Amino acid sequence: MAQGGGGAGRRPRVLLGATGSVASVKLPLLVARLLALPQQPEVRVVCTEHAKHFFAPESLPVPVYSDADEWQTWTRLGDPVLHVDLRRWADLLLLAPLDANSLAKVAGGLCDNLLMCVVRAWDRDRPLLFCPAMNTHMWDHPLTGAHTRALRQLGYEEVACVSKTLACGDTGLGAMAEVDTIVQAVQTHLRASLTTPEPTREPGSTQEPGSTQEPGSTQEPGSTQEPGSTQEPGSTQEPGSTQEPGSTQEPGSTRTI
């Protein structure tokens, strides 16, 4: 892979992470809309095994990675580590949809699959956008509010879910934001100046173009931002909305995000 970071002379790079929500059925449309942006971003997809239940990876016109790819590219010391290569490649990480299970994993720092490893290794100087998607009662659970706050405190940007009748038949908050809303949030960041990461190699390649790093050497994780920072990044939630997930708003309310 060529050097990442959104520099002049090349297209920006978006890494799209999909989890096991029924909203993953929208992945083909989301990929198509991202590719059609004026910035003409390169797009790659990392999905959980359960996400593949809702779309056919081979139907997407971009590379798709999942857990098996992580282990097929590494057999001995010096071999490429896929989740690190993908993190180095991308300018922006978009988690859409982010289901309740994976949201809890990110909030707790778990990294038990390829996508969660990418998130845990993510450079916090670069944008990470997350789009929650789950059942209304799961969204209303107090833990959901704690988990989304934890991600925002890490500097990640929430593209707020919306209220509608869900695939399960329940009506209320929890549906993933509309594709156009998500794409607009991505475009806002692509217009901005992105940080330049280190030179990288193509995921799965044993050669590191332009890199002087010795095989087997490692970079210390973590950015210059202190863990636990309470700075709130700009959210796409509508101004004036103050309700956190897990609140006790009366049923029948017309609340929206």
Side-chain angles (χ1 to χ4, degrees), residues 1-19 23-47 51 55 57 59-65 82-98 114-115 118-119 121-133 151-152 154-162 176-205 209-211 223 225 233-238:
M1 175 189 335
Q3 180 174 343
R10 72 154 180 81
R11 296 155 59 193
R13 295 168 180 157
V14 175
L15 186 60
L16 171 58
T19 66
S24 285
V25 299
K26 297 184 178 181
L27 219 59
L29 176 60
L30 180 54
V31 168
R33 294 288 176 84
L34 289 171
L35 291 173
L37 284 172
Q39 293 85 1
Q40 298 182 313
E42 296 181 56
V43 177
R44 296 185 180 189
V45 173
V46 179
C47 65
F55 76 101
S59 70
L60 298 183
V62 297
V64 179
Y65 302 93
L82 182 58
H83 69 268
V84 174
D85 282 353
L86 288 168
R87 185 267 296 173
R88 289 172 174 164
W89 175 84
D91 299 321
L92 179 148
L93 176 56
L94 171 64
L95 303 178
L98 181 61
L114 175 60
L115 178 56
V118 173
V119 175
W122 186 248
D123 181 351
R124 286 166 55 202
D125 287 333
R126 302 183 219 170
L128 185 153
L129 282 62
F130 67 99
C131 308
L151 268 62
R152 293 195 301 270
L154 287 170
Y156 304 157
E157 179 177 328
E158 180 178 3
V159 183
C161 65
V162 297
M176 186 176 76
E178 297 297 334
V179 168
D180 287 345
T181 302
I182 297 170
V183 172
Q184 180 59 49
V186 171
Q187 186 174 20
T188 298
H189 284 281
L190 295 186
R191 288 183 181 134
S193 175
L194 300 174
T195 55
T196 302
E198 67 263 50
T200 57
R201 60 187 171 193
E202 187 71 19
S205 168
S211 174
S223 71
Q225 183 176 353
S235 168
T236 57
Q237 186 170 349
E238 290 296 323

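We number each residue from 1, following the sequence as shown. In this text, all values refer to a predicted model and were calculated from it rather than measured experimentally.
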### Query
Would Arg126 and Leu93 count as a side-chain contact (heavy atoms from CB on, under 4.5 Å) if you check the C-alpha gap in whole Å, the side-chain angles of each, and the deciding distance to 0.1 Å?
CA-CA 8 Å; Arg126 302 183 219 170; Leu93 176 56; over 6 Å; no

Using every non-hydrogen atom in the two residues, find where [X] and [Y] come nearest and quote the distance to one decimal.
X: Ala121; Y: Arg87; value: O-NE, 3.1 Å
X: Leu34; Y: Pro41; value: O-CG, 3.1 Å
X: Ser24; Y: Phe55; value: O-CB, 3.9 Å
X: Ala177; Y: Ile182; value: O-CD1, 3.5 Å
X: Pro28; Y: Leu60; value: CA-CD2, 3.6 Å
X: Pro12; Y: Gln39; value: CD-O, 3.4 Å

How many angstroms lie between [atom1] in [X] and [atom2] in [Y], if you round to the nearest 0.5 Å?
X: Leu129; Y: Leu16; atom1: CG; atom2: CG; value: 11.0 Å
X: Leu114; Y: Tyr65; atom1: CG; atom2: OH; value: 10.0 Å
X: Trp122; Y: Leu86; atom1: CH2; atom2: CG; value: 9.5 Å

### Message
Test your reading of the model: is there a side-chain donor-acceptor pair from Arg124 to the backbone of Leu154, 3.5 Å cut-off?
### Response
yes

### Task
Have a look at Asp91 and tell me which of Arg10, Arg13, His189 forms a side chain to side chain donor-acceptor pair (under 3.5 Å) with it.
Arg10

### Query
Just wondering, do Thr19 and Leu95 contact through their side chains at under 4.5 Å, heavy atoms?
no

